Amino acid sequence: MKKQVLTGIKPTGKVHLGNYIGAIKPALELAKNDEFEPSYFVADYHGLTKIHDRDEMKQLSRGIAATWLALGLDPEKAIFYRQSDVPEIFELSWILACFAPKGLMNRAHAYKSVVEDNGVAGRESDHSVNMGLFTYPILMAADILLFKSEVVPVGKDQIQHVEIARDIAESFNHTYGETFVLPTYFIREETSVIPGLDGRKMSKSYQNTIPLFEESKKLQKLINKIKTDSSSPHEPKDPDQSIIFSLYKEFASTAQIKEMREKFSTGIGWGEAKKELFKVMELALEEPRKRYIELMESPDELEEILLRGADKARSKTRPFLLEIKKKIGIM
Ligand code: TRP
């Protein structure tokens with residue numbers, strides 16, 4: 001039996017390089033490995049914890065679907081779907097909620113960080129916290145456990161959520177016997193934090209992102225904005241301390257990376273380094289960007305792919321949910 005690998009992306013903003021390098025790229029690499037059966041999805045109902053505008057939700061959600069496909073996810077090989085099209089996930093989510101200690105949710109970082117921000121700002125602790133945000137990890141546990149996922153490729157910030165899924169699964173299994181597979185997270189250690197334009201972690205909340213499918217000219221402009229130090233072109237530079245180099249190595253070939261390392265140690269002007277970064281990125285992203293734009297202009301095609309994917313997904317989730325319901329005495 002193939003190992004199940006599963007991951008989702010929630011539509012809350014334009015997909016940026018941090019998302020791509022930290023989560024999407026490793027997930028796509030696993031999908032190419034024949035040992036794994038990938039289930040990759042658009043976590044639209046997770047997005048609803050934040051996005052409360054109809055058009056924005058539609059557009060962002062399509063954007064995530066188009067991104068997966070444009071980067072080469074093959075919907076014939078993978079199970080590729082939109083979370084909201086698989087109702088069994090939400091039924092399981094309730095069941096799991098009844099096994100999730102409230103204290104565990106209190107400690108979940110997405111909720112905790114809002115509470116902390118409220119404290120700093122002198123607001124009431126639960127200000128702007130909806131129950132979707134509070135129970136976010138439970139829905140994510142349902143996503144993971146319903147597909148018997150063994151491996152969950154995620155960015156570093158999602159490790160805690162995978163651990164919560166594991167805790168809930170253990171608690172259920174303890175009560176009803178072996179039912180859920182215990183998932184493990186998969187992160188690429190070397191790229192677990194992708195620096196943004198200012199050198200801090202690339203994140204929408206810092207407004208330091210480079211959108212993955214930014215149009216050529218704008219991409220070039222953004223690259224030119226990357227923060228550098230004031231060393232002169234001939235001074236040796238440490239590639240491992242450079243934002244430019246850490247992005248460069250995600251798109252360049254092994255030979256190019258080696259060459260760039262040498263240039264850094266003998267001295268390279270930041271302007272030239274930025275040019276080289278733009279070149280490799282443009283080469284790698286030009287085709288996917290075209291495909292992305294095409295897909296965004298054909299919502300019907302996207303819809304058809306997603307609905308077919310949901311059918312495939314449900315042929316697994318329906319019987320498994322039934323089994324679970326029998327175990328708890330609901331059927
Ligand atoms: N919470 C994840 C994120 O913000 C998205 C997500 C939802 C997810 N369900 C998942 C990731 C299940 C992995 C597995 O990035």
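On a predicted model such as this, the values are computed, not experimentally measured, just so you know. As the structure lists them, so they are numbered: ligands from 1, and atoms in each ligand from 1.
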Apply salt bridge (Lys or Arg N to Asp or Glu O under 4.0 Å) to residues Arg188 and Glu250 and explain how you reach the verdict. CA-CA 12 Å; Arg188 276 175 72 206; Glu250 295 298 331; 3.5 Å; yes
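- Residue pairs meeting the side-chain hydrogen bond (donor to acceptor under 3.5 Å, both in side chains) criterion with at least one partner in residues 66-89, sequence neighbours excluded, are Asp44-Ser84, His46-Gln83, Glu76-Arg308, Arg82-Asp85, Arg82-Glu303, Gln83-Asp143, Glu88-Arg314, Glu88-Thr317.
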Side-chain donor-acceptor pairs under 3.5 Å in residues 34-43, sequence neighbours left out?
unit_1, atom_1, unit_2, atom_2, d
Glu37, OE1, Gln4, NE2, 3.2
Glu37, OE1, Lys316, NZ, 2.6
Tyr40, OH, Ala27, O, 2.6

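- Applying the ring pair (Phe, Tyr, Trp, His ring centres under 6.0 Å) test to residues at least two apart or on different chains, the pairs with a partner in residues 100-123 are His109-His161, Tyr111-Phe134.
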For ligand 1, run through the N/O pairs with the protein that fall under 3.5 Å and put one pair on each line.
unit_1, atom_1, unit_2, atom_2, d
ligand 1, 1 (N), Tyr136, OH, 2.6
ligand 1, 1 (N), Gln158, OE1, 2.8
ligand 1, 4 (O), Lys10, NZ, 2.8
ligand 1, 4 (O), Tyr136, OH, 3.1
ligand 1, 4 (O), Gln158, NE2, 3.3
ligand 1, 9 (N), Asp143, OD2, 2.7

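- By the 30° and 60° cut-offs, the orientation of the rings of Phe172 relative to Tyr176 is tilted.
- A salt bridge links Glu287 with Lys290: the closest approach of a Lys/Arg side-chain nitrogen to an acidic carboxylate oxygen falls below 4.0 angstrom.
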